[in-house]
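Numbers restart at 1 for each chain; the letters A, B, ... are given by sequence-line order, proteins then strands.
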Number of protein chains: 2
Amino acid sequence: MITNKSCIIRLSRYKNALYRLRALGFVKVFSDNLADAIGVLPSQVRKDFSLFGISGNKRGGYQVDSLIEKLNTILGKEQTQEVIIAGLGNIGNALMKYKGFEKEGLKISACFDIDSTKYSRDSDIPVLPLEEMKEFVRAKRIKIGVIAVPDIAAQSVLDMMTACGIKGVLNFAPLRLRASGDIVVNNVNLELELENVIYFVNAQEKTKVS
Amino acid sequence: MITNKSCIIRLSRYKNALYRLRALGFVKVFSDNLADAIGVLPSQVRKDFSLFGISGNKRGGYQVDSLIEKLNTILGKEQTQEVIIAGLGNIGNALMKYKGFEKEGLKISACFDIDSTKYSRDSDIPVLPLEEMKEFVRAKRIKIGVIAVPDIAAQSVLDMMTACGIKGVLNFAPLRLRASGDIVVNNVNLELELENVIYFVNAQEKTKVS
DNA sequence: CCTGTTTTGTGAAATAAGTAACAAAAAACT
DNA sequence: AGTTTTTTGTTACTTATTTCACAAAACAGG
Ligand SMILES: NC(=O)c1ccc[n+]([C@@H]2O[C@H](COP(=O)([O-])OP(=O)(O)OC[C@H]3O[C@@H](n4cnc5c(N)ncnc54)[C@H](O)[C@@H]3O)[C@@H](O)[C@H]2O)c1
Ligand SMILES: NC(=O)c1ccc[n+]([C@@H]2O[C@H](COP(=O)([O-])OP(=O)(O)OC[C@H]3O[C@@H](n4cnc5c(N)ncnc54)[C@H](O)[C@@H]3O)[C@@H](O)[C@H]2O)c1
């Protein structure tokens, strides 16, 4: 099992690039097409593929269709992945309303909140009380959850998701969650991402002067 | 100039942990307090500090106040950073309404959109036509921008921001932007983050079985 | 069918990042 | 005052990731 996160991110990017290339009429691609598309070296592309046992044809490159298929298999995108969201606030809403997930094979199946004014059992994406999470997740065998609740509630929501049988979580709360068992937690911390930009801007300014 | 992104991210985390520790009454901390707080090894903490010339006292650890100050200087957080947002859709709204930025020294100064129904010149955070970006950014000497427009508009917005004198961008559009000049672009791709979770969940399931 | 060209696939080399180890400084204790 | 303990700061080591380089395969053109 390859545990290099940036490598997996690249696979996703290759896949996205391939869809674009296919739309442009490409039937086969070379490692340097993909490299250009996502901004890495051709040898990185081939190395990544080699790691996952993906092989093309010497001098013939890779068949776009079959490559997309292989990447989707590795990335677990053979069938639509159902996802639940906990916390229908700013971030939760943004994700729920986002149209782009569908074409990526991601489906927001339901949202859960503690605020009863937000419940809407019959809408396209139902908004349900937290208490119904376990039932819902088990019935639909959902494995992926998003945490978009206030910081102080995040740990308890993670624990609940773990108890429901969720296996992987994307967490927006800016704190370190203690994951029990074998649940995968991926953190997105937007403040940190902004601070990161600020650091690099300042750092660049300083080196420019000197 | 240190260009290791994860290192900078750790500095931000140290800083956040230090605020929490200070609130708890800590006046000095040891490398292993910080290590515990953010989940790395004490030697990593000391190495990071060493890289930036931060030093403490042998057997006495680090003074919390002065450490926070040094980190804030490195991270460019001495004064409030003003930020503009392009695209007041799902993500743009979520960011604009988020209360947490203020206490991090980040201020959303304005949003820019092409949809005239969204304009509100007099609200707390003004929402202005795109055309006014240059004037606004120059007048306020703003250096940081967020791109939260639809994918196809993202490149043109980046170009515009570059022309306005913006130096760093946090981009939510899931495509590779061509950055001209010395502008820093940090991409947040939420689909990719979700796909990443899905990969690791599947990978873990497979290794569990075998 | 042979020769030249292109492009893959992978092992080796280089670079980067993280971990360990330990001397030196400073405080605490006797 | 001297000994022990603690904790830093840095160098050396280890591991991870990226880049290079080149043989082998595949096709193209004569
Ligand atoms: N909005 C942003 O731009 C932004 C930026 C950075 C970080 N974050 C982080 O993302 C998380 C969500 O932020 P937000 O702005 O969307 O918050 P929010 O306050 O807008 O929404 C939180 C939602 O969670 C619900 N909630 C509260 N407790 C709950 C619980 N125990 N179980 C289920 N639902 C519960 C609330 O009813 C509310 O609907 C926070 O941790 C925040 O720090 C958000
Ligand atoms: N919402 C999400 O959860 C989510 C998830 C993943 C990725 N993204 C990405 O984030 C970006 C924004 O997504 P969203 O859901 O907020 O989009 P959205 O469609 O809700 O909002 C886009 C906003 O940008 C404005 N706009 C359009 N063209 C513009 C231009 N040239 N200049 C300025 N404003 C312009 C629109 O009027 C609208 O207000 C997209 O690239 C999307 O792919 C969003």
Is any NZ, NE, NH1 or NH2 atom of the basic residue among B:Lys15 and B:Glu69 found under 4.0 Å from an Asp or Glu carboxylate oxygen of the other? no
Earlier contact from the 5' end, DNA chain C, for B:Leu41 and A:Gly61: A:Gly61
Quickly work out the B:Ile9 CD1 to C:dA17 P distance and round it to whole Å. 14 Å
Using a strict 4.0 Å threshold on nitrogen-to-oxygen distance, state whether A:Glu102 and A:Lys107 make a salt bridge. no
To the nearest angstrom, the CG-P distance between B:Leu51 and C:dG18 comes to 10 Å
Any donor-acceptor pair under 3.5 Å linking the side-chain atoms of B:Tyr14 with those of B:Asp48? yes
Does B:Ala37 offer a backbone N or O that forms a donor-acceptor pair with the side chain of A:Arg176 under 3.5 Å? yes
May I have the distance from A:Leu34 (atom CG) to C:dT7 (atom P), rounded to whole angstrom? 13 Å
Round to the nearest Å and state the distance from A:Gln63 atom CD to C:dT8 atom P. 12 Å
Just so I know, are the side chains of B:Leu95 and B:Val146 near enough to count as touching, which here means a heavy-atom distance under 4.5 Å? yes
DNA chain D: 5'-proximal contact among A:Ser6 and B:Ser50 (nearest heavy atom): B:Ser50
Pairs under 3.5 angstrom, nitrogen or oxygen only, protein versus nucleotides 27-30 of chain C, please.
residue: C:dA27; atom: N3; partner: B:Arg59; partner atom: NH1; Å: 2.9

With a 4.0 Å cut-off, would you call B:Glu205 and A:Lys143 a salt bridge? yes
Check the pair A:Lys5, A:Asn186 against side-chain hydrogen bond (donor to acceptor under 3.5 Å, both in side chains), reporting the backbone distance first and the verdict last. CA-CA 10 Å; A:Lys5 174 163 171 170; A:Asn186 186 9; 2.9 Å; yes
Grab the CZ-C1' distance between B:Arg46 and C:dA23 for me, whole Å please. 13 Å
Give the rounded distance in Å between these two atoms: CD of B:Gln44 and C1' of C:dA20. 12 Å
Could you walk me through whether A:Tyr98 and B:Glu191 pass the side-chain hydrogen bond (donor to acceptor under 3.5 Å, both in side chains) check? CA-CA 11 Å; A:Tyr98 183 54; B:Glu191 283 115 320; 3.1 Å; yes
Considering every strand and a 4.0 Å limit on heavy-atom distances, what is the contact class for A:Asn4: base, sugar-phosphate, or nothing? sugar-phosphate
Identify the 5'-most and 3'-most nucleotides of DNA chain D with at least one atom closer than 4.0 Å to a non-hydrogen atom of chain B. D:dT5 to D:dA12
Can you tell me if A:Glu193 and A:Asn189 form a side-chain donor-acceptor pair at under 3.5 Å? no
A:Lys28 atom NZ is separated from C:dT7 atom P, nearest whole Å, by 8 Å
Send over the distance from A:Lys70 NZ to C:dT8 P, rounded to a whole Å. 13 Å
Students often get this wrong, so: under 4.0 angstrom with heavy atoms, is B:Tyr62 touching a base, only sugar-phosphate, or nothing? sugar-phosphate
Examine C:dG18: is either OP1 or OP2 under 4.0 Å from a nitrogen or oxygen in the side chain of B:Arg10? Give yes or no. yes
